[in-house]
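A quick write-up on the structure given underneath.
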Amino acid sequence: MCFKNLPIEFDAQGIAHLKGGVVDPYAYTPREIKRDKLEELLARNGHIKDVSISPVTRVAGALSFHAVADLQERKFLDANSIATIFRGYEVILKGRDPRDAIYISSRACGVCGGVHSTAACEAIEMAFGISPPPLGTVLRNLALSLDFLYDHPLHLFLLAGPDYSQVVVEATTPAMWEKAKVTAAPHADVHDYKTIGDIMKALNPLSGKLYLDGLKMTRAPREAYAVLFGKYPHPQTVVPGGMSSTVTITDFNETYTRLQKMMDWTKRMIHLWDDLTEFFYEYDPEYKKVGARDKNMIDLGMWDDPDSYDASYERCNEWGEARWATPGVVIDGNLVTTKLQQINLGLEEFVEHSYYENWNQNGNQRYQTDPSGAPLSPNHPWNKETMAKPSKESWKDRYTWATAPRWDRQVVEGGAYARIWTTAAAGLMPKNDFLESTGHSLKINMPKTMMREMNFEWKIPEVWNAFERNRARAYCMGYNLMVAYTMVLKAFDYLRKGEDKVSTKFEVPQGERRGVGFWGAGRGYLSHHLVLDKGAIVNYQIVTPSTFNASPKDPFGNPGPYEEAVLNTPILEEFSKPEDFTGVDMLRAIRSFDPCMPCTTHIYGGEREIVREVNTCACSAEG
Amino acid sequence: MMVLVSGIGYSNLGDMSFGRVLLSTLAEMDWPAHVHVEDLNYGPIMIYQTLEASPIKYDKVVLVAAAKRERNPGTLEIYRWNGKLPEDAEIQTRIEEAITGVIDLDNLLIVCKHFGVLPDDVTIVEVEPQTEAWGLEFSPVVAAKVDEAIQAVRDHAFSLN
């Protein structure tokens, strides 16, 4: 039994049905947000401050954050995560040929260049009843691991990394900087930085070696991506039923060479984030509370097994569990399911605090069940409609364009770290030479390159916070790299056997069909839910990791993951006057999620005047 | 003397796609061997890395784009970029935008200059947009400048100074 809040139970054969005797099983009464006491404290106490950061810099896209900080007690009393832009990919896609979703939804993100196109393809494949030949699946796996080999260094060294750099640490915690300068780095023999202070200096933006190397290291995976798939981002070669690239052994050799280039750097990097994390914990154990929240996370898994994946909903549990990243939901640190169908049934989206109309008001629920006959919530993406309702920002009412996705009505977060966690806990990793899931850890064996062979083990952490998110992401570099490495070896095997087919022929069906792409982005969970009729899209719904993570409070009164993480964050920076408060601990908490927000960044100058607008990633609100 | 010509901008954003649309026209024209017309609409970080790794070192760059500078819509300006970089914090912001997918003339100039891959001779052919709504068409005031802008790009690409 994986659900404790939704009215779903399973019989002895594992078939889901609604609990008996419940009149309106999915009904709920929204809880009112009360702020009277908070407003009174704000008006009365000089040390209780409204903190508005708009935009939050060093994140992808437009995120604003509002918090109420008690600078005397050094804690946060309230937090609001704000996605500031509506893009409405779901609205754009309605009525179009389903194949358009591959190319249009891809534009939802300028960082994760191929994740949306692949998720769209998997949704279409389910609806069309087709699946790729084995080499087509291997190619997709390779594409998406290369994608993340670009994404993770970018976050670790250019977006989150500067939060741990000398310039930030020295300015916000001078005593820590003094200590860092004389603290030996335990893995200096591997990464060549003698002290923690040396690591922090190397993380300095623009000039630090790690910052610059992080930038350089994004090149090799992008090149490999372009060799195999024509371009990055937004490949045009991801098609229903496989890939349209013509690949040869030379292309895989070129990819292999580029993966080799990344191997030594990744070995250094994992040790480096271990050293940095342990230093902060040792300096002040209160850092374990920065960005802390319940160990609740969700992931759909990815990297299909070429022999298992058939795109069918009926067999999604089997092919899901055969993936190289295992699907799963973790609640209070325990893996409660690895079944894609259960993950799907538990998914709901709420809009009580978002700028949308509730689509359930007319009581017309499109689907009562999933394609296997299991009960489906009216709040499920297959039943959802995107109905924008812009209104005034109000912390008690509506304040964001992000929705509040929940699983079993619980707040879960997505991320690369959720992917490694569910995979480590499930113990279902396909047998191979480089990766092993133990049930409590993921072992990563990285072969000898210029550096010696190294074995790493990411262990499910005892605490969950900003530092562990970053540390897990560093280990994910090794994980992704070895998935990519294995996929290249598999590709060689298929080519050697003459199995060079990469796509399957198909026709667009005319009847009503449903599909879902259960997939992952660099930042974690990614689903595309699709409804087709007469060969056109009737409904399309995208849920991304940042939709979960940046979500506002839900109707049950629970804050979203960023909000909860900030509320649990102690204020540890050193300051003597309120005006010197920088919010660095709060920003470390938020950035550790690797936010990816919708696609216009507003940069404010002076009196909140917008001085520049740019277009970028749209991974959060409404896809 | 090697010359690089390009047009910068997103597709389908009305006047803001000026550079991108003109690039297609420029790419179909005949050019001497020393002038390369390239698509640089794939993110300034990737552009700087490509230019850094390229065996060809360009002596001159000519870029055409739309940019919002509070001029009268349809104003066409042709100028040699002074190469002046903003403060470090602003450079950092532009790098962050660039790595998270932003395609933008100023980002390209700042990022590429910061990483030392732009020559001193950079000419900008720039139009002030009137609209940036979704669409394939230019506003009349911007559409009226297309021929002049193309001629300006060609003049500067062919010029030896």
Side-chain angles (χ1 to χ4, degrees), chain A residues 55-62 87-88 92 104 107-113 150-151 153-155 157-159 162 165 167 204-207 211-212 214-220 222-223 225-226 231-234 591 594-597 599-601 603 610-619, chain B residues 8-14 16-17 20 39-54 65-70 85-108 110-117 129 131-135:
Chain A
V56 177
T57 57
R58 282 193 274 116
V59 302
R87 281 294 296 256
I92 294 169
I104 293 175
R107 267 67 185 178
C109 187
V111 187
C112 312
Y150 164 69
D151 185 278
L154 185 156
H155 178 261
F157 295 104
L158 281 89
L159 301 178
S165 67
V167 290
N204 279 345
L206 297 188
S207 60
Y211 182 95
L212 295 170
L215 205 52
K216 277 185 190 160
M217 289 315 294
T218 61
R219 179 172 182 165
R222 278 200 321 263
E223 281 180 347
Y225 202 104
K231 71 190 275 277
Y232 182 92
H234 313 313
R591 289 196 184 110
D594 195 3
C596 186
M597 304 304 295
C599 59
T600 298
T601 303
I603 298 180
I610 298 170
V611 294
R612 213 161 81 79
E613 287 189 359
V614 294
N615 291 299
T616 177
C617 177
C619 280
Chain B
I8 308 301
Y10 286 98
S11 303
N12 306 324
L13 276 182
M16 287 305 288
S17 300
R20 186 76 177 242
D39 186 348
L40 300 182
N41 292 293
Y42 48 89
I45 297 297
M46 303 179 216
I47 294 164
Y48 113 68
Q49 290 177 338
T50 303
L51 292 176
E52 187 178 57
S54 171
K68 288 187 276 186
R69 313 252 193 237
E70 297 182 346
L85 286 172
E87 291 183 354
D88 281 358
E90 178 66 9
I91 296 172
Q92 197 189 337
T93 301
R94 298 310 181 108
I95 291 173
E96 287 153 19
E97 288 180 2
I99 57 174
T100 52
V102 175
I103 295 168
D104 174 82
L105 174 66
D106 290 349
N107 280 9
L108 188 154
I110 291 167
V111 169
C112 289
K113 185 71 181 177
H114 173 75
F115 288 107
V117 296
T131 65
E132 57 174 319
W134 171 268

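Protein chains get the first letters and strands the later ones, always in sequence-line order, with residue 1 at the start of each.
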Working to the nearest 0.5 angstrom, can you tell me the gap between B:Thr50 OG1 and A:Glu223 CD?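 If we round to the nearest 0.5 Å, B:Thr50:OG1 and A:Glu223:CD are 8.0 Å apart.
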B:Ile45 CD1 to A:Leu154 CG distance, which is reported to the nearest 0.5 Å: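 If we round to the nearest 0.5 Å, B:Ile45:CD1 and A:Leu154:CG are 9.0 Å apart.
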Are any non-hydrogen side-chain atoms of [X] and [Y] less than 4.5 angstrom apart?
X: B:Tyr48; Y: A:Leu215; value: yes
X: B:Ile91; Y: A:Leu206; value: yes
X: A:Tyr211; Y: B:Gln92; value: yes

Heavy-atom cut-off 4.5 Å, strictly under: side chain, backbone, both or neither for [X] against chain A?
X: B:Met16; answer: neither
X: B:Ala53; answer: both
X: B:Ile95; answer: side chain

Considering all heavy atoms of both residues, which atom of [X] and which atom of [Y] are nearest to each other, and what is their separation?
X: A:Leu212; Y: B:Phe115; result: CD2-CE2, 3.9 Å
X: A:Leu159; Y: B:Glu96; result: CD2-CG, 4.2 Å
X: A:Tyr150; Y: B:Met46; result: OH-CE, 4.3 Å

Where on A:Arg222 is there a heavy atom nearer than 4.5 Å to chain B: the side chain, the backbone, both, or neither?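 For A:Arg222, the side chain is the part near chain B, not the backbone.
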Go through the steps for A:Arg107 and B:Tyr10 under the test side-chain contact (heavy atoms from CB on, under 4.5 Å), then give the verdict. CA-CA 11 Å; A:Arg107 267 67 185 178; B:Tyr10 286 98; over 6 Å; no
